[in-house]
Amino acid sequence: MSSEISSAATQDGAVDVSGLENWQTRADWLRAEINRHSHAYYVLDNPTIPDAEYDKLFRELVALEQAHPDLLTADSPTQRVGGKPLPQFEQVRHAVPMLSLNNGFDDEDIDNFDRRVREGLADIAEAEYSTELKFDGLAISLRYENGLLTQAATRGDGVTGENVTANIRTVKAIPLRLHGSAHPAVLDVRGEVLMFKADFAKLNARQRDAGQKEFANPRNAAAGSLRQLDPRITAQRTLRFFAYGIGVLEGASLPPTHSALLDWYAELGLPVCRERAVVKGASGLLGFFRDIGQRRKSLPYEIDGVVYKVNRLDQQQALGFVSRAPRFAIAHKFPAEEAMTVVQDIGVQVGRTGAITPVARLAPVSVGGVTVTNATLHNEDEVRRKDIQIGDTVIVRRAGDVIPEVVSYVPELRPADVRPFVMPALCPICSSPIVKPEDEAVARCSGGWVKCPAQRKGGLLHFVSRRAMDIEGLGDQLVDQLVEKQVITTAADLYKLGLTALSELDRMAAKSAQNVVNAIEKSKSTTLARFIYALGIRHVGEATAKELAAHFGSLDRLLQASEAELLEVADIGPVVAASIRSFLDDPLNQELIAQLRAAGIHWAENAVGENKPRPLLGKTFVLTGTLPTLTRDEAAAMIESAGGKVAGSVSKKTSYVVAGEEAGNKLAKAQDLGVPILDEDGLKRLLETQ
DNA sequence: AGGCCTCGAGTTCC
DNA sequence: CTCGAGGCCT
């Protein structure tokens, strides 16, 4: 690219070129350059020059056209930035209606679709399909006359849509003039306008900074942007477009297949998604579905499924339509990750620390393939912030991995008789008063484990959990019964449990009772860190328990430690030190610890392995994704035995990130911060060489 | 005092 | 995973 010419010429009239002809040449050249670069950037996703260079070319063209208005053309890239706001959108009737597709949700639906297609085509043995993505955006129709974009309309009800030409002109992914020289007299391109995830995140960050309302998802953001009456606002939002269908065509003949149509679109400079294929039979369709399903998260845009179309257009025509949907195409949808449902009640749960958590009881609804009936509302502040009340219709999402989350309520659907959530004054389990310190977010039951069975259960479950004493077979159900029937009250009672006592419980046959007894016996041999963690001291989690074990080396030294001595331990400050001391000073807890030791729980004291080399001392690791042969715990143990630390989140203090399959945000953040990334082999080599 | 970094705790469903 | 809060560094 000739940056020399452009930089010389941008110095506002500094170039001495006489005569309109030269200006004309210059303007044509600028338009071609700008179109070429923006095509590379927005359509091919492959930038050719830095943004600053692009802006320079653009500004020069604007200046040139302002100085010489007769040079201005309708398809000039400068004409994308729209003019005045519209009073409202004009209605447009689609010459060929924009139909919707039938949906399929499981393999059987797709098998049936394939069978009906073959039957409809005189029982052919195997049908050929073009497969593509179902974007989560807005369907749109673009009318090109002799290669020039003349009108853009939303889908609307399929027959009549809204004229959004001014806004669409600001979408850089959409060519104002088709490439090549031979253009049909009329071409009606059907496709989807959408917003990429990254652009959505940037937009929401801007909205937040400006104190404006954030958008719930990229689809809403795209819809909101396209329906702006002021095109200048649309111009500031980065919208994208993918072409996938056709309406009217005059002055050219249709290609023989759908895939050839898309290839032709690409030649015309229209963006066509790369994630498409031509496959045969139902098995080919399902193969494409699974492939895309696996890569869904890593795609730069959101999709809600895939679309299958019979590839040959003559076969499409032969199959025709049923009522308002084509027989030759189907959308294979992923289970919805967001759904609407009704809050039937807001109850509370009592955790092991007595924390009272409001929980929305929902009318059962399928979200992301599972039926959700409960969703946490975290705490009272959260309920108030989101203003969720009993009777509201709410949007439920499966955030991150699995945990359902109430996103918001739907104001339009709020009935007159909604009731607000009221934090109860007394614990629903033990009727002790509920207290909430002024400066804290969580309310707590004041009963403690002595009075409150819920806290007793929580404490026991924590004690037996995998990272604590690791007693297998002692789950929710069993602990529930043991506490309810008052077979046990403390963890120490577990070690007095006999086969006969266990066998008397529901759903406890001889075999499983024996398993539990064995597991309890096995747990007697443990480590000091696990034991400290299992006690469930407030503010003492796994990491702090390890620190305490390493620092004091023996339980007796810990029991005798003063608050001041506790403060010397890394990561322990006044709050945690006071919490530990007060736990240890409680006679009930002293009794508990004595009983547990008497029951035979033991560990190798002082086995800190002082002679072992600790090559990774001072290094912090973060694990993400699934490693090929090691489990997360095994990898963590290897790192820790070499003196390294394993942390949960990536920061600039992280020495290495160990990444496996399906690594998530942490990997991206590590790349961002320039933290070295290891795979499993890399980690092993590091452990060997040092 | 303020801001980052970690840790702790709670959570859903099958 | 996400929020809240404790600890520590600047």
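Chain A is the first sequence line, chain B the second, and so forth, proteins listed ahead of strands; every chain is numbered from 1.
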#### Entry: Within 45° cone of A:Tyr409 ring axis and under 6.0 Å: A:Arg414 NZ or CZ
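Yes, a cation-pi geometry.
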
What is the nucleic acid contact for [X], judged by heavy atoms within less than 4.0 Å: base, sugar-phosphate only, or nothing?
{"X": "A:Lys546", "value": "nothing"}
{"X": "A:Val442", "value": "nothing"}
{"X": "A:His539", "value": "sugar-phosphate"}

#### Entry: Nucleotide nearest A:Arg352 (side chain, heavy atoms from C-beta), chosen from B:dC7, B:dG10, B:dT12
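Out of B:dC7, B:dG10, B:dT12, the nucleotide with an atom closest to A:Arg352's side chain is B:dG10.
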
### Task
Ignoring the backbone of A:Gln349, work out which of C:dG4, B:dT11, B:dC5 is nearest its side chain.
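Selected nucleotide (nearest to the side chain): B:dT11.
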
What's the [atom1]-[atom2] distance between [X] and [N], to the nearest Å?
{"X": "A:Arg538", "N": "C:dG6", "atom1": "CZ", "atom2": "P", "result": "9 Å"}
{"X": "A:Glu542", "N": "B:dT6", "atom1": "CD", "atom2": "C1'", "result": "14 Å"}
{"X": "A:Leu377", "N": "C:dT2", "atom1": "CG", "atom2": "C1'", "result": "14 Å"}
{"X": "A:Leu548", "N": "B:dG8", "atom1": "CG", "atom2": "P", "result": "10 Å"}
{"X": "A:Glu405", "N": "B:dT12", "atom1": "CD", "atom2": "P", "result": "12 Å"}
{"X": "A:Glu382", "N": "C:dC1", "atom1": "CD", "atom2": "C1'", "result": "13 Å"}
{"X": "A:Ile356", "N": "B:dA9", "atom1": "CD1", "atom2": "P", "result": "16 Å"}
{"X": "A:Leu623", "N": "C:dC1", "atom1": "CG", "atom2": "P", "result": "13 Å"}

If the cut-off is 4.0 Å, is [X] near the phosphate of [N], judged by side-chain N/O to OP1 or OP2?
{"X": "A:Lys652", "N": "B:dC5", "answer": "yes"}
{"X": "A:Thr376", "N": "B:dT12", "answer": "no"}
{"X": "A:Thr357", "N": "B:dT11", "answer": "yes"}

### Query
Where each residue is assigned the nucleotide of DNA chain B containing its nearest heavy atom, which of A:Asn374 and A:Gly351 is assigned the position nearer the 5′ end?
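Result: A:Gly351.
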
### Query
Starting at the 5' end of DNA chain B, which residue's closest nucleotide do you reach first, A:Thr373 or A:Ile537?
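It is A:Ile537, whose closest nucleotide lies nearer the 5' terminus.
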
### Message
Please determine whether a side-chain nitrogen of the Lys or Arg among A:Asp493 and A:Arg456 lies less than 4.0 Å from a carboxylate oxygen of the Asp or Glu.
### Response
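Salt bridge absent between A:Asp493 and A:Arg456.
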
### Task
Let me see the working for A:Ser523 and A:Tyr495 under side-chain hydrogen bond (donor to acceptor under 3.5 Å, both in side chains), right down to the final yes or no.
CA-CA 10 Å; A:Ser523 76; A:Tyr495 293 90; 2.9 Å; yes

### Query
Can you tell me if A:Thr353 and A:Gln455 form a side-chain donor-acceptor pair at under 3.5 Å?
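A:Thr353 vs A:Gln455: no donor-acceptor pair found between side chains.
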
### Query
With a 4.5 Å heavy-atom cut-off, do A:Pro218 and A:Glu302 have their side chains touching?
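Yes. Closest side-chain heavy atoms under 4.5 Å.
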
